[in-house]
Amino acid sequence: MKKKLTGFLVGSMALVLAACGGADDAPATDEPVDEGAATGEVQTIRAGIGLNSEHPQYKGLERFAEIVEENTNGELVVETYHSGQLGDDRSMMEALQLGSQEVTVPSTAPIANFVSEFTIFDFPFLFPSNEVADEVLDGEVGQQFLDMLDDQNLVGLAYWENGFRNVTNSTRAIETLEDFDGLTLRTMENDLHLDAFRALGANPTPMAFTELFTAMQQGTVDGQENPNATIYLEGYYEVQDYVSDTRHVYSPFVFLMSKPFFDSLSEEHQQIVRDAAIEAGQFQRELNREANAEYVNNLEEEGMTVTQISDEERERMVEAVQPAIEKYAERIGEDLVNEVYEAIEAAQE
Ligand code: TK8
């Protein structure tokens, strides 16, 4: 296990360095609308996220709503909520389990508190590019993880994209491994993120996304880590001075639906919401990649110091987090971990 993981990680590090974003160019498909007889009953889908209405994640949610309402002739109505109006990721997932909310789209990190195998998607430096992530997540391996959600009263319909995460802080530019020393960084509520940032020398503290801006504003934390689109659109440049291009984790979003609600739908409507989540996800991924690539310039214009991480320093970070990765790889199980790594290698051939 140790040899394979180290070998793979160092090997893929070279790919991480060569990684470049790319728009997912899979064309959106326009399923023919089945003019089936309306049952007359209207069911409402309450769809909530933590990011604000400017973020590509919300644009994706609006696209989902359009497709579903059109293809069900209004038999399904989607109410969209943003900025944590319905709660934080964990509380919205619990609401889906209870049936008091129908859709949310969290990052994989908080999902790992419900299905621990999802931790693997937050292994630092796991995915070398957006394209490889798409191929693995949208393939058999990704579906295998979505199937694990059923036991948690959740239905995983599709993977969307949060993106490559970068570190911001208000203390110093992060250019070397040593620059992490002692920084109090907010992390998502995920044990691997805590262990990984401790291994980098930081002082991580888990926190719901909805509390993050205030914590930075009040100096409770020195910094946080998120993709550029979130850093810019949530206005973190108002309370953070430095952003470093660490790209330390590629974060998938998972489009979740309450299983009690999904099971209450007709087979036709189940297929419509599944297809809509996939089609809206392809739209969201494209918007998200454009935003993550573009907004780094906006952050500089807003006064942030943007720092690149050298090949040598990123390699040192990869090595520093290896023990944390191995600890969780043991917990997840060698077979499943190897399946993911082999799918990533196959996607690069
Ligand atoms: C938004 C979160 C956010 C995530 C985080 O609800 O918690 O930092 O990256 O996108 O899911």
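All residue numbers in this chain count up from 1 along the given sequence. Remember, it's 1-based here, ligands and their atoms both numbered in the order they're listed.
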Peer 1: Test of understanding: given a 4.0 Å heavy-atom threshold, classify the contact between Asn162 and ligand 1 as side chain, backbone, both, or neither.
Peer 2: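 For Asn162, the contact with ligand 1 is made by the side chain alone.
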Peer 1: I'd like to check which ligand 1 atoms, numbered from 1 as shown, lie under 4.0 Å from a non-hydrogen atom of Phe253.
Peer 2: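 It comes down to these atoms of ligand 1: 10 (O).
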Peer 1: Going by distance alone, is a donor N or O of one side chain under 3.5 Å from an acceptor N or O of the other, for Gln224 and Gln240?
Peer 2: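 No, because no side-chain N or O of Gln224 sits under 3.5 Å from a partner of the opposite role on Gln240.
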Peer 1: Contact between Asp89 and ligand 1, counting heavy atoms under 4.0 Å?
Peer 2: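 Yes, Asp89 has heavy atoms under 4.0 Å from ligand 1.
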Peer 1: Within a distance under 4.0 Å of any heavy atom of Leu51, pick out the atoms of ligand 1 and give their elements.
Peer 2: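 Every atom of ligand 1 under 4.0 Å from some heavy atom of Leu51: 1 (C), 10 (O).
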Peer 1: Could you tell me if Asp147 and Gln143 have a donor-acceptor pair between their side chains, going purely by distance under 3.5 Å?
Peer 2: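 Short answer, yes.
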Peer 1: Is it true that Asn226 lies under 4.0 Å from ligand 1, counting heavy atoms only?
Peer 2: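 Checking ligand 1 against Asn226, which is what was asked, there is a heavy-atom contact under 4.0 Å.
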Peer 1: Any non-hydrogen side-chain atom of Phe180 less than 4.5 Å from a side-chain atom of Thr246?
Peer 2: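 Answer yes - side chains close enough.
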Peer 1: Flag Arg165 as yes when one of its N or O atoms lies below 3.5 Å from any N or O atom of ligand 1, and as no otherwise.
Peer 2: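 Yes: some nitrogen or oxygen of Arg165 is under 3.5 Å from one in ligand 1.
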Peer 1: Using atom types as modelled and distance alone, determine if a side-chain donor or acceptor of Glu69 lies under 3.5 Å from a backbone N or O of Val78.
Peer 2: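 Looks like yes, one N/O pair under 3.5 Å.
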Peer 1: Looking only at protein heavy atoms, which one is nearest to atom 4 (C) of ligand 1, and what is the separation?
Peer 2: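 Of every protein heavy atom, Ser107 OG, 3.6 Å lies nearest to atom 4 (C) of ligand 1.
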Peer 1: Between Arg165 and Ser251, is any side-chain donor less than 3.5 angstrom from a side-chain acceptor?
Peer 2: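 Checked: Arg165/Ser251 side chains pair up, N/O donor to acceptor below 3.5 Å.
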Peer 1: What is the closest protein heavy atom to atom 3 (C) of ligand 1, and at what distance does it sit?
Peer 2: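 For atom 3 (C) of ligand 1, the nearest protein heavy atom is Phe209 CD1, 3.8 Å.
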Peer 1: Under a 3.5 Å distance rule, please check whether Arg46 uses its side chain to pair with a backbone N or O of Glu102 as donor and acceptor.
Peer 2: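 Answer holds: no.
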Peer 1: Test of understanding: given a 4.0 Å heavy-atom threshold, classify the contact between Arg186 and ligand 1 as side chain, backbone, both, or neither.
Peer 2: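 Side chain only.
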Peer 1: Where the side chain of Asn52 meets the backbone of Leu233, is there a donor-acceptor pair that is under 3.5 Å apart?
Peer 2: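 Looks like yes, one N/O pair under 3.5 Å.
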